[in-house]
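Since the structure comes first, as C-alpha cells, the remarks are kept for the end.
All residue numbers refer to positions in the sequence shown, counting from 1.
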Amino acid sequence: MTGTPHVLIIGGGIGGLCLAQGLRKAGLGFAVYEREAARAPHDQRLRLGPHGARALYECLPPEAWEAFTAAGERGAGQLTYRTEQLTELLCLPGPSEDRPAQHASHLVDRDTLDEVLLTGLGEHLVLRGREFTHYAQAPDGTVTAHFANGSTAYGDLLVGADGAASRVRAQLLPHATRIDTQVLAVTGQLELTATREAELPAALTTGANTILTPRSDALFSAVWRSPRARSADRVVWTYAVKALACPDDVELFDGKALSALVAERLTDWHPALRRLVAESDPDTVRASRMRALEPVEPWPPGRITLLGDAAHAMTALGGTGADTSLRDARLLSSRLARRRDLVRAVGAYETEMRVYGFEAVARSLRDTRAATTDSRLARTLLRGALRTAAHSGWLRRAMFKTAGE
C-alpha cells in the first residue's frame, strides 16, 4: 500500500464512528456514510466493558475521552439472580471501580455516547441521507460505493458497519445466514416516579436483575438513572419467551396489547413484577425476534471488510454487541495504521476479529437458550447452582469467569 488510504465507512453507528475516530487519530483518510438523514434519539443505556472502554480511550481525542468519562457512570453495577417471587438466588457485585477508566466498565447514555463519538467529525466527514445499495471494485482494487440517491463514493477500502441486516455483508458473504433463535423479546420501560420508587421493592429500583422461573421464560430488569434533565429515571425490562408460546403476528402488536400479553403470563409472579409490566408506557413496549449471525468460515481478505453487527450480530441476552463493535473499531484502525499493505492489514484484523466476535455470538446464543429452555430439570439445576454459588467462591468464579472482562 502506497500513500494514505481512503476508507469508506458504511454506517454511522457507534462502531462506524469509533472507527472514524481511530482513523482520524492515525492520520488516515475516511468518510462515514449514514442512511438516516438526521440523528434520532435512542433513549437507551449501554453497558461497556473494559474492551469498549479501551477502544474509546485509544480512538478518541483527549477532550472527547474526558467528556465520555465525565458523562458515564463507572462500574457495571450489581446483578442479582432472582426467582419470579423476587427471592434472591445469587448477587454479583459490580467489578472494582479502582481500575483506570480505560480498563473499567461504564454505563453510558447512548445519545451521550453518540455526541462524544461525533467530536470533531463535521458534515464533510459524516454524510447523512446516504442509503448504501451496493459496491463495485475496479481492477486496481479501488472500491466504488453506490447509494440510493444516485451518488457514488470512491476509496481504497470499504468497511461495512451497517448493522445486523448489512447490505455490505449480503454482497461480500451472500452465504452468511442469520439464525432465528425462536425466542421473542418484549421490551418496555417504567418511569420511576418518586411514588413508584417508594412503593416498589428495592430489588427493582437498584442494580439489575435476572428473573429465572421454572418455566421456559425469563425477565431482565435494570434501573436507568438518566443524566439528562429532559429524561426521567426509569426501570427498563426485557421479557424473553419462546415465540411458539405467542401469537404468530405478535411482532405487529401495539404496546398496550404486548403489555397485556406479558401480564397474562406473569399472573403467578410477584406483584411488583406484574406492576412493572402493567404500568410501563405503552409507547416503549415493543417485540422482536432474537436473531444472531451464524459463524462463517474464514474468507479471503480484500478491500471489503465488516465491523460490529455486520460481522457478528448477536442476541441481546448475554451479548456484548456495543462492546464488541468498539473493539472491532480499535483493532481495525490500529492494523491499518501499522501496515503498509492494506489487504494484509485487513487480513490480520479479520483473523483476530472472527475469534472473539464469534465467541461472543456463541455466548449470547447459549444464554438465550438457557433463559428459555423447555427443560424443567435444567432450569431447576441452574437455580440450585446459583444458590450454591452464593456460598461458594470457587463455583461463583467458575460460573462467571468472564464477568467484568
Could you verify whether a donor N or O on one side chain and an acceptor N or O on the other, from Thr315 and Thr368, lie under 3.5 Å apart?
yes
In terms of heavy-atom contacts, Thr119 and Gln21 come closest through O-NE2, 2.8 Å
Once you round to the nearest 0.5 Å, how far does CG of Leu190 lie from OG1 of Thr205?
11.0 Å
For the residue pair Val143 and Leu8, what are the closest heavy atoms and their distance?
O-CD1, 4.0 Å
Considering only heavy atoms from C-beta outward, does the side chain of Val241 approach that of Val186 to under 4.5 Å?
no
I want to check something: taking the side chain as every heavy atom from C-beta on, are Leu23 and Leu19 in contact at a cut-off of under 4.5 Å?
yes
Are the side chain of Arg379 and the backbone of Leu212 linked by a donor-acceptor contact shorter than 3.5 Å?
no
For Ala164 and Asp309, work out which heavy atoms get closest and say how close.
N-CB, 3.5 Å
Between Glu294 and Thr177, does any side-chain donor sit less than 3.5 Å from a side-chain acceptor?
yes
Are the side chains of Asn149 and Arg130 in touch, meaning some heavy atoms are under 4.5 Å apart?
yes
One thing to verify: whether Arg363 and Asp367 come together as a salt bridge, which I'm taking to mean a side-chain N less than 4.0 angstrom from a carboxylate O.
no
Compare all side-chain heavy atoms of Thr181 with those of Thr372 and state whether any distance is below 4.5 angstrom.
no
Cation-pi, Trp224 ring and Arg234 (6.0 angstrom, 45 degrees)
yes
Lys/Arg N to Asp/Glu carboxylate O, Glu279 vs Arg196, below 4.0 Å
yes
Please confirm whether the ring centroid of Tyr356 lies under 6.0 Å from the ring centroid of His51.
no
Identify the residue among Arg369, Lys242, Arg291, Arg289 that makes a side-chain hydrogen bond (donor to acceptor under 3.5 Å, both in side chains) with Gln182.
Arg289
Beyond-backbone contact of Val285 with Phe253, side-chain heavy atoms, under 4.5 angstrom:
no
Going by the angle between their ring planes, with limits at 30° and 60°, are Tyr57 and Trp65 parallel, tilted or perpendicular?
perpendicular
Counting C-beta onward and ignoring hydrogens, is there a side-chain heavy-atom pair between Glu350 and Arg335 closer than 4.5 Å?
no
Are the side chains of Tyr349 and Leu307 in touch, meaning some heavy atoms are under 4.5 Å apart?
yes
Determine whether a donor-acceptor pair (N or O, by modelled atom type, separation under 3.5 Å) exists between the side chain of Arg54 and the backbone of His103.
no
Between the CG atom in Leu60 and the NZ atom in Lys25, the distance rounded to the nearest 0.5 Å is 7.0 Å
Decide whether a cation-pi geometry holds between Arg265 and Tyr239; the criteria are a distance under 6.0 Å from NZ or CZ to the six-membered ring centre and an angle within 45° of the ring axis.
no
Separation between CD (Glu199) and CG (Leu204), nearest 0.5 Å, reads 13.0 Å
Side chains of Thr206 and Val223, heavy atoms from C-beta outward: is any pair under 4.5 Å?
no
Under the side-chain contact (heavy atoms from CB on, under 4.5 Å) criterion, do Val116 and Leu56 qualify, and how do the steps go?
CA-CA 10 Å; Val116 167; Leu56 291 173; 5.8 Å; no
Short side-chain to backbone donor-acceptor contact, Asp109 and Thr112, under 3.5 Å
yes
If you round to the nearest 0.5 Å, how far is OG of Ser364 from CZ of Arg366?
9.0 Å
Between Gly49 and Asp323, the two heavy atoms sitting closest are N-OD1, 2.8 Å
Please tabulate, one pair per line, all N/O donor-acceptor pairs under 3.5 Å involving side-chain atoms of residues 31-38, not counting sequence neighbours.
from	atom 1	to	atom 2	distance (Å)
Glu34	OE1	Gly12	N	2.7
Glu34	OE2	Glu36	N	3.0

Any donor-acceptor pair under 3.5 Å linking the side chain of Ser333 with the backbone of Gly22?
no
Minimum heavy-atom distance Cys59-Arg330, with the two atoms named
SG-CA, 3.8 Å
As a quick check of understanding, evaluate side-chain contact (heavy atoms from CB on, under 4.5 Å) for Val262 and Leu258, giving each step before the final call.
CA-CA 6 Å; Val262 176; Leu258 285 170; 5.6 Å; no
Residues Leu219, Trp269; criterion side-chain contact (heavy atoms from CB on, under 4.5 Å); working and verdict
CA-CA 11 Å; Leu219 187 141; Trp269 289 33; 3.8 Å; yes
Looking only at heavy atoms, which two atoms of Arg383 and Thr83 are closest? And how far apart?
NH1-CB, 3.7 Å
Under 4.0 Å between a Lys/Arg side-chain N and an Asp/Glu carboxylate O for Asp217 and Arg215?
yes
Test your reading of the model: is there a side-chain donor-acceptor pair from Asp328 to the backbone of Gly308, 3.5 Å cut-off?
yes
Kindly indicate, with the supporting measurements, whether the criterion side-chain contact (heavy atoms from CB on, under 4.5 Å) is fulfilled by Leu92 and Tyr81.
CA-CA 8 Å; Leu92 296 174; Tyr81 290 85; 4.0 Å; yes
Report yes or no: does His106 contribute a side-chain atom to a donor-acceptor pair with the main-chain N or O of Gly52 at less than 3.5 Å?
no
